[in-house]
Amino acid sequence: MKPLIIAHRGASHEAPENTLAAVNLAWQLDADGVEIDIQLTKDNQVVVFHDDNTLRYQGDTRLISDYNYPELLELDVGKFKGDKYIGEKIPLLSDVISTVSENKILVIEIKSGVDIVLYLQSVVEQSKINHDQIVFISFRRDSITQIKKVMPECKVLRLY
């Protein structure tokens with residue numbers, strides 16, 4: 001089996017991590033897969049974002065779980081990568097899933113607790129993505145265990 005090239009947070013060296021710009025650039029560079037991080041917002045939206053707060057982008061320690069998604073859309077998560085990315089927004093998981101073509105893989109790292117699982121399941125089911133194209137990973141044992149219960153056909157890996 002040949003090694004796979006998985007773009008960490010998309011093509012995050014060149015584009016702002018965990019954005020549609022980074023994900024799409026990874027596909028353009030012919031990555032086999034993209035790894036992203038997800039969080040659950042206050043209004044139960046599954047967003048693609050690594051940190052548990054907005055400190056790096058807004059200088060604020062407010063948690064992602066304390067934001068409603070429309071509030072997060074006010075953040076510019078691209079300007080630090082240069083003028084080309086000014087205005088880049090935090091995407092929903094469904095937005096990223098829609099970029100995954102038939103022969104590609106999406107590695108989803110769950111950063112939130114078990115409360116994200118039912119919303120995550122709903123997003124995956126509504127997307128119609130083939131379950132063998134998704135790998136769930138997490139340091140959180142409870143989240144991974146629950147994902148395997150509700151979506152047994154999906155691959156799950158626990159991080160240590």
Side-chain angles (χ1 to χ4, degrees), residues 1-41 45-52 56-57 64 69 72-73 75-114 116-160:
M1 183 171 137
K2 78 174 186 115
L4 299 176
I5 297 173
I6 307 295
H8 186 244
R9 301 181 196 166
S12 58
H13 183 71
E14 300 296 324
E17 68 180 40
N18 279 317
T19 63
L20 288 175
V23 169
N24 288 324
L25 181 56
W27 299 137
Q28 290 169 18
L29 295 172
D30 205 28
D32 298 303
V34 168
E35 180 269 346
I36 58 169
D37 305 285
I38 60 167
Q39 306 264 359
L40 188 65
T41 63
Q45 297 298 306
V46 181
V47 297
V48 180
F49 198 76
H50 178 270
D51 302 354
D52 64 355
R56 281 198 289 162
Y57 301 98
I64 296 298
Y69 185 59
L72 288 175
L73 286 175
L75 298 179
D76 183 331
V77 295
K79 63 184 168 189
F80 76 96
K81 278 286 191 182
D83 291 348
K84 178 179 180 180
Y85 296 108
I86 288 176
E88 196 69 31
K89 302 298 180 193
I90 296 171
L92 293 168
L93 175 59
S94 57
D95 298 329
V96 172
I97 288 175
S98 72
T99 72
V100 182
S101 65
E102 188 176 312
N103 58 346
K104 302 294 182 175
I105 298 167
L106 185 61
V107 179
I108 301 172
E109 183 172 346
I110 303 166
K111 295 290 192 177
S112 296
V114 72
I116 197 172
V117 172
L118 292 179
Y119 302 102
L120 177 54
Q121 179 186 22
S122 176
V123 170
V124 170
E125 297 303 326
Q126 289 176 18
S127 74
K128 308 277 194 270
I129 190 170
N130 194 332
H131 287 182
D132 65 0
Q133 291 180 268
I134 298 176
V135 178
F136 292 105
I137 62 175
S138 185
F139 287 98
R140 299 186 61 114
R141 181 180 179 192
D142 57 345
S143 297
I144 283 297
T145 301
Q146 190 62 24
I147 284 288
K148 196 60 178 173
K149 284 181 184 174
V150 300
M151 290 188 280
E153 62 283 352
C154 291
K155 296 177 191 125
V156 299
L157 300 170
R158 173 128 183 258
L159 301 172
Y160 284 98

Within the side chain of [X], is there an N or O that forms a donor-acceptor pair under 3.5 Å with the backbone of [Y]?
| X | Y | value |
| --- | --- | --- |
| Q133 | S101 | yes |
| Y69 | I90 | yes |
| E88 | A21 | yes |
| S98 | D95 | yes |
| S112 | L40 | yes |

Practice task
Verify side-chain contact (heavy atoms from CB on, under 4.5 Å) between V156 and V135, making sure each step is shown before the conclusion.
Solution key: CA-CA 6 Å; V156 299; V135 178; over 6 Å; no
Does any part of the side chain of [Y], heavy atoms only, come nearer than 4.5 Å to the side chain of [X], both counted from C-beta?
| X | Y | result |
| --- | --- | --- |
| R9 | D37 | yes |
| L72 | F49 | no |
| F139 | E109 | yes |
| K149 | V117 | no |
| L93 | V47 | no |

Any idea which heavy atoms bring [X] and [Y] closest together, and the distance?
| X | Y | answer |
| --- | --- | --- |
| Q121 | M151 | CA-CE, 3.8 Å |
| D51 | I64 | O-CG1, 3.6 Å |
| K81 | S12 | NZ-O, 3.0 Å |
| V46 | L120 | CG2-N, 4.0 Å |
| Q146 | V114 | CB-CG2, 3.6 Å |
| I110 | I147 | CD1-CG1, 3.7 Å |

So, taking the atom named [atom1] in [X] and the one named [atom2] in [Y], what distance separates them when rounded to the nearest 0.5 Å?
| X | Y | atom1 | atom2 | answer |
| --- | --- | --- | --- | --- |
| I108 | S138 | CD1 | OG | 11.5 Å |
| I105 | I5 | CD1 | CD1 | 11.5 Å |
| R56 | E17 | CZ | CD | 4.0 Å |
| K148 | L157 | NZ | CG | 9.5 Å |
| L73 | Q45 | CG | CD | 9.5 Å |
| L25 | T19 | CG | OG1 | 9.0 Å |

Neighbour count >12 (heavy atoms, 6.0 Å) for atom [atom1], [X]:
| X | atom1 | value |
| --- | --- | --- |
| I86 | CD1 | yes |
| R158 | CZ | yes |
| D83 | CG | no |
| Y119 | OH | no |
| H131 | NE2 | yes |
| E102 | CD | no |

Exercise for the section: Compute whether any side-chain donor of one residue and acceptor of the other, for W27 and T99, lie under 3.5 angstrom apart. Expected result: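 A donor-acceptor contact under 3.5 Å links the two side chains.
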Practice task
Go through the steps for I137 and K155 under the test side-chain contact (heavy atoms from CB on, under 4.5 Å), then give the verdict.
Solution key: CA-CA 9 Å; I137 62 175; K155 296 177 191 125; over 6 Å; no
